[in-house]
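Reviewing the structure listed below.
Since this is a predicted model, take the numbers as computed values, not measurements. Naming convention: chains lettered A, B, ... in sequence-line order (proteins, then strands); numbering from 1 in each chain.
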2 protein chains.
Amino acid sequence: MDKRKAILEAAVELIGEKGYTHTSMQQIADSVGISKGSLYSFFPSKEDLIISIYEHYQQLVFERAFVVGLDGNLPPYERFAKQFQVQFEGILEYKSYMKMQMRGETAQSSEKLEKMGHRMRGRLFSWLERNLIELYGEEISPYKWDLMWMTQSVYTSYTGLMISSESELDPKELGRHLVRQIDILANDFLAGESKPLLDDEMMRPFSVGMDREGAFTSFEKREKAWKAVYKQIHTLDQEHYFLEVTNRISEESRKSKPDELVIRGLFHLLKEEEKLKAEAITLEEQLLS
Amino acid sequence: MDKRKAILEAAVELIGEKGYTHTSMQQIADSVGISKGSLYSFFPSKEDLIISIYEHYQQLVFERAFVVGLDGNLPPYERFAKQFQVQFEGILEYKSYMKMQMRGETAQSSEKLEKMGHRMRGRLFSWLERNLIELYGEEISPYKWDLMWMTQSVYTSYTGLMISSESELDPKELGRHLVRQIDILANDFLAGESKPLLDDEMMRPFSVGMDREGAFTSFEKREKAWKAVYKQIHTLDQEHYFLEVTNRISEESRKSKPDELVIRGLFHLLKEEEKLKAEAITLEEQLLS
DNA sequence: AGGTAAAATGACTAATGAGTCAAGAAGATT
DNA sequence: AATCTTCTTGACTCATTAGTCATTTTACCT
């Protein structure tokens, strides 16, 4: 029984329901069935707890969605729709986390969370951009921000609708629907009927490292290395065990002060499996550089 | 110097910046330059204060937007765009209120605020619906929720963009842009190219009194009476004075326990002006029924 | 100027909740 | 069984803040 995970789940549930400030550490402890002191042995502070929640769940939600990007025998348009579908399915699965995230209320606007949010938005936009360029070519470029902004707003509000409404929307239909709307507007832009409203200049806060080579590119490489490892793991017998090890690595590496020794140790566990060695080494290099 | 208003403004500023829970009554009092005790003589509780803020500003923002609906010599399409424009202008003007509203964090989910939010959404949707039907006729009806939902999400997210970004978006362009996007999607729906995804059933939480005659209809009538008064006032010399009286009536009538005597007294002030008498009486009947 | 009513003040109370830590329970080791 | 180690507990401290109210200041009137 993973107590840490149990705490995260209980906390997400409570905070999603009543908000961060109106959920006390005592309530969370009670809900898990442990004492407050014990809770504090897992998370040194309330802020630390909520940050861990974000780290934990963002990883889960994103992993789901981006795997589809790899299954590369779908035509672009369908793949785009499928990716939304998978994302919406993830939202349904992690409803309480999403509820919490949408409330958006946290501790005194933590530096760290802000960075995380920024990184998330950046990821979303960069993913959208890639898809738009792939679908419509470079000609869409002048209109990309308008399309991306529109997409992001509608996506977000459908998310809100899904987690609040009783009558469940079908993720598949929703994905198609969204892509269809994007398509209509994109074609209108390409036909030169509408002028763009948003440009690079004013959207700078949302473009993460598309200008600065370093940050985002290295992130991309790391992302690839992660994916390689996960993909390889799925082919193995001891899938579950290696997944757990890898998730633990991921968790540790996202901490503010990751313990290098822990990470190195965990990687040794992965490297024991011959079929995983190459991917593990690549990822380890990426993480410890 | 209206101290009550000064408090509302200071509070909006602080709460917009740091959130409801992280803004103390002491800070608000300090910011206005009065004592806490004095603050409590205006607002009996913190919750009461935030409710008053919503009541005060919603009125201001909405008033601006709906006036355009009356200037009826614009063609429907342009009027629709103009209404968005005016609304965006309002957002720019009441930036800190909007910031506060977008944070959405309030006291332990007050019954009253929830009702208010619901009413607001209802108003927005009913306004959108009217415009869509006017522009595209009854045939748009099966697609109205999809269009309205899309519009509402994009509208909301542009609002967020306006209040956060430094580079100011032009409300006029933004209004046109939004209406243009609606138009493209509406035409696509009408051409039978896309199927609707949302229907009355699942959108019931958002349809305020479109089914139940009473509530909304009577609200509409009252709305008309208000507009008639405001319109008449604009033709008068002492515009400013009568506006102030009317705003005061509006404020009082939105209180949880409106003082009927105060309202009756204020109406006497309006009825002194012969040209305003008829409209004032109609409104008074609406309010005191 | 003197007196009275109204308004403003800020020290005080009470509640809440984050974070600590000494003491005790459970488990491991010899 | 005795001892040591690790985990768990919940009573306690301390800071914050909503809301109160006796006292003081201001404004107004005669």
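- Between B:Tyr57 and B:Tyr97, the ring planes lie parallel to each other; the angle is under 30°, not in the 30° to 60° tilted range.
- The backbone N or O of A:Gly160 sits less than 3.5 Å from a side-chain atom of A:Ser164, completing a donor-acceptor pair.
- First and last contacts of DNA chain D with chain A, using any nucleotide atom under 4.0 Å from a protein heavy atom and ordered 5' to 3', fall at D:dT8 to D:dG10.
- A heavy-atom distance below 4.5 Å is not found between the side chains of A:Leu49 and A:Phe42.
- Proximity of a side-chain donor or acceptor of B:Ser52 to a complementary backbone N or O of B:Asp48 within less than 3.5 Å is detected.
- Listed for the B:Ser31 side chain is no donor-acceptor partner under 3.5 Å among the backbone atoms of B:Gln27.
- For the atom pair A:His56 NE2 and A:Ile51 CD1, the distance stands at 15.5 Å (nearest 0.5 Å).
- Panel note: side chain B:Arg103, backbone B:Glu17; a donor-acceptor pair is recorded below 3.5 Å.
- For A:Lys271 against A:Ala280, the heavy-atom pair with the smallest separation is CG-CB, 3.9 Å.
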With 3.5 Å as the limit, what N/O pairs link the protein to nucleotides 24-27 of chain C?
none

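- A donor-acceptor contact shorter than 3.5 Å links the side chain of A:Lys46 to the backbone of A:Tyr20.
- Not a single donor-acceptor pair under 3.5 Å links the side chain of A:Arg264 to the backbone N or O of A:Glu284.
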Below 3.5 Å between N/O atoms, which protein atoms pair up with nucleotides 17-23 of chain C? Just atom names and distances, please.
| unit_1 | atom_1 | unit_2 | atom_2 | d |
| --- | --- | --- | --- | --- |
| C:dA18 | OP1 | A:Lys46 | NZ | 3.0 |
| C:dA18 | OP2 | A:Met25 | N | 2.9 |
| C:dA18 | N7 | A:Lys36 | NZ | 3.3 |
| C:dG19 | OP2 | A:Tyr40 | OH | 3.1 |
| C:dG19 | OP2 | A:Lys46 | N | 2.9 |
| C:dG19 | N7 | A:Lys36 | NZ | 2.7 |
| C:dG19 | O6 | A:Lys36 | NZ | 2.6 |

